[in-house]
There are 2 protein chains.
Amino acid sequence: MTSVKSGSKQDNQFGAKPAANGAHKAAIRQENEEQILAAAERVFADYGFKGATTARIAEIAKVPKANVHYYFSTKEALYRRIMEDVCDHWLEAAMTFDNSADPAVILRGYIEAKMDLSRARPYGSRLWAHEIIRGAKFSSDYISTTVKDWLDTRVGVIRGWIAEGKMDDIEPYSLMYMIFATTQHYADFGRQIEIFNDNQPLSEQQFAEAKENVVRIILKGVGLN
Amino acid sequence: MTSVKSGSKQDNQFGAKPAANGAHKAAIRQENEEQILAAAERVFADYGFKGATTARIAEIAKVPKANVHYYFSTKEALYRRIMEDVCDHWLEAAMTFDNSADPAVILRGYIEAKMDLSRARPYGSRLWAHEIIRGAKFSSDYISTTVKDWLDTRVGVIRGWIAEGKMDDIEPYSLMYMIFATTQHYADFGRQIEIFNDNQPLSEQQFAEAKENVVRIILKGVGLN
DNA sequence: TTTTAACCTGACCAAACGGTCAAGATAAAT
DNA sequence: ATTTATCTTGACCGTTTGGTCAGGTTAAAA
């Protein structure tokens, strides 16, 4: 939680020696943008686009509200920027679903990557949930191009596995929706799971076990053992 | 879409003969409350509690905003009333998880009931999703008592099945979360599924197939065939 | 040292917000 | 026919909202 307001060159985030050539200014900008983006991700994740307020974002980011608008012209621009980031992370996890290995290995890897993403970035997952629930007003293009292309490719791969008799004849879309739903549930409905777990967030061990259970049920469920 | 504003006894929603003893006034109240509740469920489901506006609810319900406040004193009272209704419907589906039959039959019945609820009342499911994502501020009591009691009982039942060797040794909570997630996904992420489905909502047949696929994967996944 | 460009922010604004109210309309009870 | 209780609604109120701006501070360039 280093402050950027102190002004002294001695206590900026690079230590006593500020780098040459405007690096300090650039660092200030980066620091503030990150602070605002992190705060906005939380607030948008909690309340959705309409329910979120720039005042609350500023409060959590610990900057004056006017400063939020200095770095991001409008609430919508800020929202779009965060959506891009969320999509990038989703794509990263998506890439673990390659086509180079055994079906069980691939599916296991993808499920584990999505579970880990849920745990590492719950706010991103919740923000995505808000976005879809509201009707995907900002992201329907992204879904109907990038995501759909990705999904249809994987569906083709799964159909190949089925044709080769490597797994049961399960409609691949149903399977993929199930993986989406289950893995994201641990982020989106984390509060509910916490309440069921005697008001304690899942421990690392509990989460690891949950991950293994999800993998086991799905792999066995489609005939991949 | 019968209007209640026409004033003539001849065209109220009961036809030419209004029932005796203040039935017309009662009917007006019921009609308006229903209209407002239906509109509010949609708006809250789209935007969550904070993001929803009473003006939008009034617009969809086709009544002046002041009339919304005549029937429901505050936005929060209206929200709570709808949450109660959503919970009631959830409990109804929950009751299909009895303890009187074969494990496979029970699980199948419960999954199908939850899938059907998702399809019949998507707004309720989405509203619930908002409520949990935001931290269950209004419903944590309900979850930590009614829902948790119900869940723990079913977990006990499942542990019994496992002890009797009727199914695989799967952590029952993981299984139940998977069922929650998958069945609700068809409501909460319905828009996303629609986009993947060439921008068409799932047909009755597609939905029936999805339901069967979900049942198949889960039952086989836990060793119930 | 001076100038310039970037950063910072309290104060402000118009619009939208949840909620109120008085006055009128309608239907039930007397 | 008159009274009473309920329903209806445009106008309004104080607060919160997203966004602006002038005037200041700070750091890099000249």
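Naming: A, B, ... by sequence-line order, numbering from 1 per chain.
- The distance from atom CZ of A/Arg56 to atom P of D/dG18 is 13 Å, rounded to the nearest whole Å.
- Non-hydrogen atoms lying under 4.0 Å from DNA chain D are contributed by B/Tyr70, B/Tyr71, all within residues 70-83 of chain B.
- Residue B/Ala58 is classed as having no contact, given no heavy-atom separation below 4.0 Å to the nucleic acid.
- Looking at B/Ser139, its side chain never comes within 3.5 Å of a backbone N or O of B/Tyr142 through a donor-acceptor pair.
- When the C1' atom of D/dA5 is taken as reference, atom CD1 of B/Ile28 falls 13 Å away, rounded to whole Å.
- With B/Gln206 contributing its side chain and B/Ser203 its backbone, the two residues share a donor-acceptor pair below 3.5 Å.
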Would you be so kind as to tabulate the donor-acceptor pairs closer than 3.5 Å made by side chains of residues 182-190 of chain B, with sequence neighbours excluded?
unit_1   : atom_1 : unit_2   : atom_2 : d
B/Thr182 : OG1    : B/Met178 : O      : 2.8
B/Thr183 : OG1    : B/Ile179 : O      : 2.7
B/Thr183 : OG1    : B/Phe180 : O      : 3.2
B/Gln184 : OE1    : B/Lys114 : NZ     : 2.6
B/Asp188 : OD1    : B/Ser125 : OG     : 2.7
B/Asp188 : OD1    : B/Arg126 : N      : 3.4

- Would A/Met115 and A/Arg119 count as a side-chain contact (heavy atoms from CB on, under 4.5 Å) if you check the C-alpha gap in whole Å, the side-chain angles of each, and the deciding distance to 0.1 Å? CA-CA 6 Å; A/Met115 287 286 284; A/Arg119 182 136 177 115; over 6 Å; no
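- Here the side chain of A/Thr53 is nearest to one of C/dT9, D/dT9, D/dT17, namely D/dT17.
- Between B/Phe49 and B/Ala66, the residue anchored closer to the 5' end of DNA chain C is B/Phe49, taking for each the nucleotide with the nearest heavy atom.
- Side-chain proximity of A/His69 to the nucleotides D/dT20, C/dG19, D/dC7 is greatest for D/dT20.
- Across the protein-nucleic acid pair, B/Lys65 atom NZ and C/dC21 atom P stand 14 Å apart, rounded to whole Å.
- Proximity of A/Asn67 to the phosphate of C/dG10: no side-chain N or O atom is located under 4.0 Å from OP1 or OP2.
- Contact between the side-chain N/O atoms of B/Arg29 and the OP1/OP2 oxygens of D/dC7 is found at a separation under 4.0 Å.
- No side-chain heavy atom of B/Phe196 sits under 4.5 Å from any side-chain heavy atom of A/Asp152.
- Of the N and O atoms on the side chains of B/Tyr71 and B/Gln35, not one donor lies less than 3.5 Å from an acceptor on the other residue.
- Rounded to an integer number of Å, the gap from B/Glu59 CD to C/dC17 C1' is 15 Å.
- What separates CD of A/Gln30 from C1' of C/dC7 is a distance of 16 Å, to the nearest Å.
- Distance NZ (B/Lys62) to P (D/dT8): 16 Å, rounded to an integer number of Å.
- Here the closest non-hydrogen pair linking A/Ile133 and B/Ala129 is CD1-CB, 3.8 Å.
- In this structure, B/Lys50 places its NZ atom 13 Å from C1' of C/dA16, rounding to the nearest Å.
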